[in-house]
Amino acid sequence: MHIYFLVDLNSFKLHISILLCVFYTVSNSKGQELRPTKLNEYNQNQGLASEYITKTLVDSEGFLWIGTQEGLKVFDGKEFLDLSDKLSSKVGNSLIQDICLDKKRSVLWVLATYSNPVAIDVKSRTCKTVLSKDSKGQDYSSVWTRSIDLKNDILWIGGANTFSLYDVRRDSYLDINKIENNLNKNSGYNISKIIHDKSEQTWVFNEGKSIELISRSRNSIEKVELENIAENTLFRDAIAIENSVYLASNTGLLHLSTGSIENPPEQILDIPTVLSESEVLDLELISTTELLISTTNNILLYNRKTQEVSSFFPENKEFETLQNVYSLQLDKQKGLIWCGTQSGLWSANYDQSRSSFCFQAFTNPTFTNLYSILPFKENSVYLAGENGIYHFNTQSQNVSVVDSTSLNFLLFSDNQNNLFASNSQSLNSLDDNYKFISSQEREEVPKLLSRDIFNAAVNFNDSLIILSSIIQKGITIWNLFSKETTTFHGDSLNNKIKGLGKINNLFKSKNEEILIVTDRSVISFDPLQYLYSTHQIQKPDTKEVITNFMDMNESPDSYFIGSYGQGLIETDKQFNVKRVYTTEDGLSNNCIYRIFNINDEKMLMTTNNGLSILNLKTKKFKTYYEGDGLHGNGFEQFCGYQKDNKIYVGGPGGFTIVNTDLLPDSCIAPILYPTGITINTHDGKIDSTHLEMTSFIIPNNAFKTTLKFVSPDYKNPDRMKYRYKIDELSEEWVNLGNQNFVDLIGVNPGEYHFEVIATNSEGTDSEPLKMTLNFLPKWYQTIWFKILLLLLVAGLVYLIQRYRMIQLRKQQLIRKEIANDLHDDIGSTLNSLKIFAHLAQTDTNNKSHIEQIEESVSEATVGLRDMIWVLEDEQDSVYEIMERIKKFASPICMANNIEFVSTVKATSEKPVPKKIKRNIFLVAKECINNSVKYAECTTIKVSFEYAQSKLRLIIKDNGKGFDYDNVNMGKGLDSMQYRASQVRFECQVKSNPGKGTTTEFVGIID
């Protein structure tokens, strides 16, 4: 058995990667095989609830559930999801004892210490069922439950003096008195494990006391006898395989036949000593013949048919954290083994198919930086680097130093398998004993070649080798038979090749043409006729010249040219660019070193970061990195060689052999899941999780919405790329890189269709994940609010229009009243004036007529002024009204020796409408005229009281008065009552003989 380890510690975002190449012996037709295994370590820094892992389980959707000393986590390859908020009252931060999966209902049963068994929905990550009491009525919070198993809808729960059978379908407990009575024969029991074999018999492991076998019908229970087993034996785990049960215990691995109640099981003493005498912590079934077994200090692979045992992981101080693995879990779909320890979680790649890997990686401290590689015989490889030349046996891993005198650039051989090396001093050859000798000791190497340094060589035919020079920047044709050399370069007088500059590689095409790959061009060269043609490569759209060419290869209808910095250029056979491939198309890096053709179906290329393979049919890339089994992510420009079905590539620290026959042809499309939505609102945060979510309603108080999704990839999570689009916002896809969430901020209300696609490292897309997002509008964005606002605006417009019409009617009414007044007052006055004027013309004694004319003109003037005053806006206060009344009354009262007294008490500044103003003034005139003409008074008092909206006009005289009840209503009193009714005022006249007259004009101004 040979074991070889390749270790490279790097810090990653989620884990520490350790690459191991493991050689082991398996007894099958293939003999020794290489099985590289990659380990990833996870701890609390990456989000684990606790580094003490007790149980792991892969659910039906491919997610990893992790039971720890302090609660439960679920891992999607990128992050550990904390379920404490959803399970705090059910599981909390308790020590997880056991987990089992109910595939029929897609729920996970979780058993924690002194806690209720709960069923967690795998898709929504919420509790569906909580069992608070066992079958005896004991609170689960007061008993120590340890094991749980599900068979035929019956959940078996066992622990320290607690045992229950719960019918999941009927939601009820079954009667187990007979079983429990049998368990209690030993004065109590402590069930550490429950399993079912293929006959559906139940195995109950009563720790430290017994093993009980329960029949399928549960009517019979028998004790299983064990030989040479101590009473204090602790049962850790058990697995039923075919007709056997393998039991992990603190005293070693036990093998039992399943048997039956009628034919009791027997212990089979066929366990190798290394397992029977070691404490076994956990078991995991790898195949029908192989078990993965964890002990306190190792993980072993046990073939139960051949009885062979081998270490699965290396045994040295570098990997002490792999000790005490309490939980082993195989994920067959992803080819992973999960290891739960006291100090964290580990995952390991595992080749379940047992076929050889397509990558064989080799590293050694001697391989500081490899510049050239040359396979010679089977398992024999020559390596040239900065410290010399080495011979390496890929089977024994032995390294032999061939030369350590100088830096070596190139290894090559002729068609007779003679080996040559070009270093910083000379061109050397290798003798039959694999010892390199200098050109001075060997005459077949011309002196001209010994003074040059070469970076590429091509065998043109049996006699000619074409070499490219680093120093001369030219090419040399070396005739092995004649020992003659011919050199071509850009400055040669006789052998000039125009445009020949720095040469990076040489390539021999299928039509026997040498293609010289220079920094700025590709030169076609015929080494027999010395003809050449220079080709510059231009981008078809911009005509920009592409440069920095490193290597090239061809397919039946295309050339593929690698550029340092501009990716892979595909041209036709006339060197017209057909397409340029970059990292945006899936290339691992835009700096390409070597290119190799694989059966005209694929192009393999080494880059500055990883290895890429282009499928010539689909035009899609697959990318591979250190985590996939390569020696590392770095390669060297000239370090590559293709022989038979293998490609040898190398660089800093080592090299990798690619078996092209085993490269996968089909790509498994990743599966994309929605893992949650987080809605930040002003009232708090809303979290929702369901793997089948298709639509969301976003409340109107949300200011940020985060959509989360993931395609579980535990091997290379950072290489899973995502892109999304929202049809209503843009038709363009938005690249997220390896970011698996989208933040939506400031999105307008409405329905949006969200679509996201995951692309794995092989360039394969997942099926689009589609979700509908309905952003609810705020109250002022709802259609009802908009309708209400529209109605309100329409109502306001209507009211304004109505108000305007009312005002117009009022103005029209005022105009009509003024017109009537003009007609009745001034019109009649003018008519009288016309009559008096006519009489004055016809009557010789016209003095009286002229006096009448003068009086009529005065009346008409006064009436016209009154009407103008009514129409003036600045004269609408009670003070202005009183001033107008004083102007009217003062001359009259003064002419008749009557004292006129006026007062105003106003607390309101509200203007008096013109209609009320006019009628108040006319009523006041009428009252004052009546007092002057009929009352024989000596004093007339006029007062205004205006508070809030109530207006009161009081006109009082000290005249002779009259009997109001017996007086005949004259035209003046009727007019006053009419004018009061016009403005909805009240006009009250109070008078008694000898006591004067008081008139009140009272009303409310709107």
Side-chain angles (χ1 to χ4, degrees), residues 13-15 40 42 46-50 53-68 71-87 90-91 96 98-112 118-128 148 150 284 327-340 344-350 668-678 687-694 707-720 722 738 740-741 756 758 760 766-767 769 771:
K13 181 178 180 182
L14 287 178
H15 55 268
N40 297 324
Y42 308 90
Q46 284 81 44
L48 273 177
S50 169
I53 310 301
T54 58
K55 190 73 176 177
T56 54
L57 186 142
V58 178
D59 67 21
S60 53
E61 304 297 331
F63 292 90
L64 179 70
W65 294 77
I66 306 162
T68 74
L72 187 67
K73 289 272 187 173
V74 61
F75 185 43
D76 61 16
K78 285 188 72 69
E79 62 179 332
F80 293 87
L81 306 179
D82 189 358
L83 303 179
S84 58
D85 291 341
K86 297 182 179 181
L87 308 178
K90 314 298 189 306
V91 177
I96 304 299
D98 205 358
I99 307 173
C100 73
L101 179 64
D102 183 352
K103 294 183 179 180
K104 183 189 295 186
R105 297 166 185 83
S106 192
V107 298
L108 204 71
W109 283 96
V110 179
L111 199 64
V118 298
I120 301 173
D121 188 277
V122 168
K123 295 178 179 178
S124 66
R125 281 83 184 270
T126 57
C127 287
K128 292 297 183 182
I148 191 169
L150 182 70
E284 180 67 356
S327 173
L328 291 169
Q329 174 70 36
L330 172 64
D331 185 347
K332 294 182 180 180
Q333 184 178 2
K334 295 182 174 63
L336 286 171
I337 290 178
W338 293 97
C339 307
L345 177 70
W346 294 76
S347 71
N349 294 353
Y350 178 69
I668 300 175
I671 301 175
L672 188 58
Y673 296 95
T675 55
I677 180 171
T678 301
D687 280 319
S688 179
T689 301
H690 202 292
L691 299 185
E692 293 183 346
M693 294 182 293
T694 57
L707 296 172
K708 297 180 181 179
F709 38 83
V710 74
S711 180
D713 186 345
Y714 300 102
K715 295 181 180 179
N716 299 292
D718 292 334
R719 286 161 56 192
M720 187 71 69
Y722 301 91
N738 63 358
N740 64 324
F741 65 90
V756 61
N760 63 17
S766 69
E767 288 293 326
L769 174 62
M771 290 177 277

Minimal non-hydrogen separation, [X] against [Y], with atom names:
{"X": "Ile96", "Y": "Gly71", "answer": "CG1-O, 3.4 Å"}
{"X": "Ser60", "Y": "Ser106", "answer": "OG-OG, 4.0 Å"}
{"X": "Leu72", "Y": "Val110", "answer": "CD2-CG2, 3.9 Å"}
{"X": "Leu150", "Y": "Leu101", "answer": "CD2-O, 4.3 Å"}
{"X": "Leu330", "Y": "Ile337", "answer": "CD1-CG1, 3.8 Å"}

Side-chain touch [X]/[Y], heavy atoms, less than 4.5 angstrom:
{"X": "Asp718", "Y": "Lys78", "answer": "yes"}
{"X": "Trp109", "Y": "Leu111", "answer": "no"}
{"X": "Leu769", "Y": "Pro674", "answer": "yes"}
{"X": "Val756", "Y": "Leu707", "answer": "no"}

> Taking the six-membered ring for Trp, are Trp338 and Tyr42 parallel (under 30°), tilted (30 to 60°) or perpendicular (over 60°)?
Replying inline: tilted

Euclidean distance, [Y] [atom2] relative to [X] [atom1], rounded to 0.5 Å:
{"X": "Phe80", "Y": "Leu64", "atom1": "CZ", "atom2": "CG", "answer": "7.5 Å"}
{"X": "Leu48", "Y": "Ile53", "atom1": "CG", "atom2": "CD1", "answer": "5.0 Å"}
{"X": "Lys334", "Y": "Tyr714", "atom1": "NZ", "atom2": "OH", "answer": "5.5 Å"}
{"X": "Ile120", "Y": "Asp59", "atom1": "CD1", "atom2": "CG", "answer": "11.0 Å"}
{"X": "Ile66", "Y": "Leu81", "atom1": "CD1", "atom2": "CG", "answer": "9.5 Å"}
{"X": "Asp102", "Y": "Asp121", "atom1": "CG", "atom2": "CG", "answer": "11.0 Å"}

> How about Lys708: does its NZ atom have over 12 heavy atoms from other parts shown lying under 6.0 Å from it?
Replying inline: no

Treating [X] as the side-chain partner and [Y] as the backbone partner, does any N or O pair qualify as donor plus acceptor under 3.5 Å?
{"X": "Ser327", "Y": "Gly340", "value": "no"}
{"X": "Thr54", "Y": "Gly67", "value": "yes"}
{"X": "Asp98", "Y": "Ile148", "value": "yes"}
{"X": "Tyr673", "Y": "Glu61", "value": "yes"}
{"X": "Asn740", "Y": "Phe709", "value": "yes"}
{"X": "Ser711", "Y": "Ile671", "value": "yes"}

> side-chain contact (heavy atoms from CB on, under 4.5 Å) between Leu345 and Thr68: does it pass, once the steps are laid out?
Replying inline: CA-CA 10 Å; Leu345 177 70; Thr68 74; over 6 Å; no

> Which residues satisfy the side chain to side chain donor-acceptor pair (under 3.5 Å) test with Tyr722, sequence neighbours excluded?
Replying inline: none

>> For a side-chain contact (heavy atoms from CB on, under 4.5 Å) check, start with the C-alpha distance between Leu691 and Phe63, then their side-chain angles and the critical distance, and finish with the verdict.
In response: CA-CA 11 Å; Leu691 299 185; Phe63 292 90; 3.7 Å; yes

>> With side-chain contact (heavy atoms from CB on, under 4.5 Å) as the criterion, how do Met771 and Thr694 come out once you've worked through the C-alpha distance, each side chain's angles and the decisive distance to 0.1 Å?
In response: CA-CA 5 Å; Met771 290 177 277; Thr694 57; 5.5 Å; no

>> Between Arg719 and Asp713, does the side-chain contact (heavy atoms from CB on, under 4.5 Å) criterion hold? Intermediate values first, please.
In response: CA-CA 9 Å; Arg719 286 161 56 192; Asp713 186 345; 5.7 Å; no

>> Restricting to side chain to side chain contact (heavy atoms under 4.5 Å, CB included), what partner residues turn up for Glu767, sequence neighbours left out?
In response: none

